Amino acid sequence: MTKPDQSGPAPVSPTGAAGGDRSQQGESLTTAQGTRLSETDLSLKAGPRGPILLQDHHFREKITHFDHERIPERVVHARGAAAHGVFRANGAAANLTLASFLQEGVETPVFVRFSTVLGSRGSADTVRDTRGFATKFYTGDGTFDLVGNNIPVFFIQDAIKFPDIIHAGKPHPDREIPQAQSAHDTFWDFVTLHTEATAHTLWNMSDRGIPRSYRMMEGFGIHTFRLVNADGRTSLVKFHWKPRLGVHSMVWEEAQIAAGVDPDFHRRDLADAIESGAHPEWTLGVQVFPDTPEQEFEGIDLLDPTKIVPEELAPVQPIGVMTLNANPTNYFAETEQVAFHPGHLVPGIDVTDDPLLQGRLFSYLDTQISRLGGPNFGQLPINRPHAPVNDMLRDGMHQTAVPTGVAPYKPNSLDGGCPFTAAAGDGFIDVPVPLPATTKQRTRPSSFEDHFSQARLFYVSLSAVEQEHVALAYTFELGKCYEQAIKERALTVLARIDRTLCERVATGLGLAVPEVEDEPDGSIEPSAPLSQVGQEWPVDGRIVAVVADDDTDPTALESVTSLLESRSVLPLVTAPHGGTLFDGEDAVPVSRTFDTARSVEFDALVVLAPPTDERARRLLDEAWRHHKAIGAATDVAEQLPQEWRDSTGVETGDPQAVAERLVGLLGKHRVWER
Ligand code: HDE
């Protein structure tokens with residue numbers, strides 16, 4: 001038997017999945033003590049009709065363990081999905097930081113957990129919300145956690161307000177509704193009174209709040225971090241993850257349908273893509289700023305987490321690529337028990353005084369103690385560093401290490417002085433930052449007072465269709481509020497972002513457009529990277545329904561599916577019935593039937609059978625409404641409405657050529673001009 005050992009690499013299976021030390025070995029069913037069992041279906045009773053005997057250890061052990069299977073869900077970000085992968089540095093950060101995992105060619109195992117914020121652990125994936133994007137880098141110099149979101153600004157500037165925004169966003173305390181939604185009075189009450197939330201709220205109301213896939217989201221560290229290089233030179237940076245597949249979203253109706261018909265939509269999408277070999281990829285980049293005493297750049301306070309620095313002012317410099325290549329083996333052991341912490345830093349990366357980040361440095365350690373049942377959660381396989389650990393932390397609940405030695409204190413002579421501290425310059429560097437002579441006070445800097453210009457920056461950077469979505473989202477969310485005063489207050493906030501946006505929402509709500517004194521600054525220039533429309537992106541891992549029936553020409557079906565597969569797009573044959581289409585050698589398995597498939601599963605449709613069936617027509621109608629590309633064989637096209645046939649994004653003709661053109665359209669995600 002091997003002794004549990006805190007030092008040395010965590011047990012990682014060839015798939016990259018962390019496995020327990022000694023769990024689930026041998027062929028027979030056993031008790032927790034390893035005694036083989038030949039019966040587990042019947043409890044030990046006094047005769048065939050009972051009662052059950054207290055003596056039945058297997059029964060008591062099985063039920064007792066079951067009774068304690070749940071742990072508290074995360075207080076925020078409870079709903080999530082995760083994957084293993086690898087990060088490969090390109091070396092571009094080597095002049096900025098001595099962090100070993102950012103040196104050229106170094107490969108570091110990672111575990112990434114994506115999440116929604118507000119919903120409970122069993123809530124739907126596709127709700128309108130911010131998404132968490134938390135990455136654990138198991139570096140040779142200790143674990144570095146980049147605990148970010150898919151939105152680059154935050155609701156609040158000071159950590160002391162976190163319970164307030166979360167209490168406002170969570171379900172109402174009396175009936176505990178609505179679940180995983182911001183469309184309710186308490187949320188809008190808070191964000192319209194506490195106007196530093198304006199920019200983040202606008203991002204949530206944009207398409208960023210309803211991502212198509214975790215694979216198609218940007219990630220942001222939000223706060224400014226401080227890097228230190230081998231010469232002791234420091235720089236301030238903001239971290240960005242850029243997805244290779246581009247940033248794409250659902251449309252609101254689609255997200256709502258998906259929440260009902262497939263609440264696991266994003267979880268399934270991530271796992272299926274990885275399993276099929278379409279490994280998601282992100283480039284990690286940094287915006288770099290000089291580390292000046294003011295800690296601002298072009299007038300933007302770098303310590304204010306409600307502000308971004310437009311990429312036109314500070315380009316994102318790529319420093320490496322992350323590929324997610326393995327699904328977790330066990331959801332609970334890995335995805336549920338993983339514990340991130342913005343204070344998990346490595347030599348070369350340090351925090352700044354951003355008051356939100358400073359508060360987070362307290363919260364993440366604290367929360368794990370009640371969530372994971374004590375201070376030893378770092379020993380769970382998924383949380384174990386891959387760097388050697390030789391701490392002097394001892395005992396406590398769920399201690400699984402068996403430390404040697406008698407002197408877990410320093411200085412000591414009984415253990416020969418071990419463990420030794422690292423040589424100067426070899427350990428973690430607390431970057432010495434001079435602090436101005438100041439006064440202890442509960443205040444904020446005046447540079448934190450502008451709550452609207454960055455909301456406007458984001459809004460004016462969106463394309464017309466994205467702006468339309470924002471207006472509809474505000475109208476929907478505020479329309480769900482009961483309190484008139486809250487809706488009216490929300491309009492005064494919108495009037496300070498953009499007059500047209502305010503007018504559109506006011507019209508939808510049936511309310512008057514308010515007059516405000518501080519009209520928006522019309523001179524703000526748009527920033528192109530804030531829009532997610534207008535470019536072309538790789539399509540691998542996209543899903544296309546190929547609608548066929550028993551009368552479809554097998555050769556046409558084959559030509560379409562093989563063309564799509566050759567472009568790394570997944571074709572799903574969708575038919576009126578299950579089983580197979582055609583007989584004998586031509587037989588083609590049916591992946592989805594009209595009874596099981598909803599359009600939300602697909603990025604586009606190729607229709608090789610006339611939509612005579614009501615269910616097929618619903619599939620098509622929804623795809624049309626959601627701006628998805630539709631292809632139809634010539635004979636089928638005749639049965640589509642004339643308006644469709646004349647429209648952009650409806651391709652008709654030879655099936656294989658249609659499929660080819662569809663792949664081109666998929667690269668733009670949606671046919672917005674329709
Ligand atoms: Fe978190 N946050 N947070 N947060 N956060 C947690 O830690 C907190 C904030 C983020 O997949 C909790 O382990 C405070 C910003 C992600 O496991 C908790 C403040 C950003 C995740 C916590 C913030 C985040 C969390 C709950 C205000 C983006 C999920 C469970 C100062 C940069 C990580 C847990 C995972 C989770 C506290 C603000 C991202 C309670 C006090 C800003 C992605 O500790």
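Keep in mind it's a predicted model, so treat the numbers as computed, not measured. Hydrogens, waters and symmetry mates are skipped; everything else that's a heavy atom, side chains included, is used. Order of appearance sets the numbers: ligands from 1, and atoms from 1 within every ligand.
- The backbone N or O of M397 sits less than 3.5 Å from a side-chain atom of N376, completing a donor-acceptor pair.
- Considering all non-hydrogen atoms of both residues, I308 and L457 come closest at CD1-CD2, 4.0 Å.
- Heavy atoms from both the backbone and the side chain of V147 come within less than 4.0 Å of ligand 1.
- When each atom of ligand 1 is checked for a heavy atom of F340 under 4.0 Å away, the hits are 11 (O), 17 (O), 33 (C), 35 (C).
- Scanning the protein for heavy atoms near atom 43 (C) of ligand 1, the closest one is G148 O, 3.2 Å.
- A salt bridge links R74 and E336; the closest N-O separation between the charged side-chain nitrogens and carboxylate oxygens is under 4.0 Å.
- For ligand 1, the atoms closer than 4.0 angstrom to any heavy atom of V76 are 2 (N), 6 (C), 26 (C).
- One finds a salt bridge joining E311 and K242 here, because a Lys/Arg side-chain nitrogen approaches an Asp/Glu carboxylate oxygen to under 4.0 Å.
- For ligand 1, the atoms lying closer than 4.0 Å to a non-hydrogen atom of L356 are 27 (C), 31 (C), 42 (C).
- Ranking the protein heavy atoms by distance from atom 37 (C) of ligand 1 puts S363 OG, 3.3 Å first.
- The shortest heavy-atom contact between M250 and F265 is CE-CE2, 3.4 Å.
- Close approach of ligand 1 to G132 is summarised as follows: ligand atoms under 4.0 Å from at least one heavy atom of the residue are 43 (C).
- The heavy atom nearest to atom 40 (C) of ligand 1, considering only L372, I151, V75, T335, is found in V75.
- With a heavy-atom cut-off of 4.0 Å, I222 touches ligand 1 through its side chain alone.
- Side chain of R360 to backbone of P342: no donor-acceptor contact under 3.5 angstrom is found.
- Taking atom 17 (O) of ligand 1 as the reference point, the nearest protein heavy-atom neighbour is R74 NE, 2.7 Å.
- Within the structure, ligand 1 lacks G80 among the residues with a heavy atom less than 4.0 angstrom away.
- When the heavy atoms of R360, H77, E336 are ranked by distance to atom 15 (C) of ligand 1, first place goes to R360.
- For atom 35 (C) of ligand 1, the candidate residues are Q368, R113, Q337; the nearest heavy-atom contact is made by R113.
- For the residue pair A314 and F297, the shortest heavy atom distance occurs at CB-CE2, 4.0 Å.
- Ion pairing between R208 and E218 holds under the 4.0 Å rule for side-chain N and carboxylate O.
- Taking the six-membered ring for Trp and thresholds of 30 and 60 degrees, H248 and W537 have ring planes more than 60 degrees apart, a perpendicular arrangement.
- Proximity annotation for atom 41 (C) of ligand 1: of F239, F162, F114, F162 comes nearest, heavy atoms only.
- A distance of 4.5 Å separates CG in D185 from SG in C481, rounded to the nearest 0.5 Å.
- Protein heavy atom nearest atom 34 (C) of ligand 1, with residue, atom name and distance: T367 CG2, 3.5 Å.
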Worksheet entry | Derivation of the side chain to side chain contact (heavy atoms under 4.5 Å, CB included) call for R79 and R267 | CA-CA 10 Å; R79 171 81 186 165; R267 192 179 273 199; 3.2 Å; yes
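- For ligand 1, the atoms closer than 4.0 angstrom to any heavy atom of A159 are 31 (C).
- Among the atoms of Y364, an N, O or S atom falls under 2.8 Å of atom 1 (Fe) of ligand 1.
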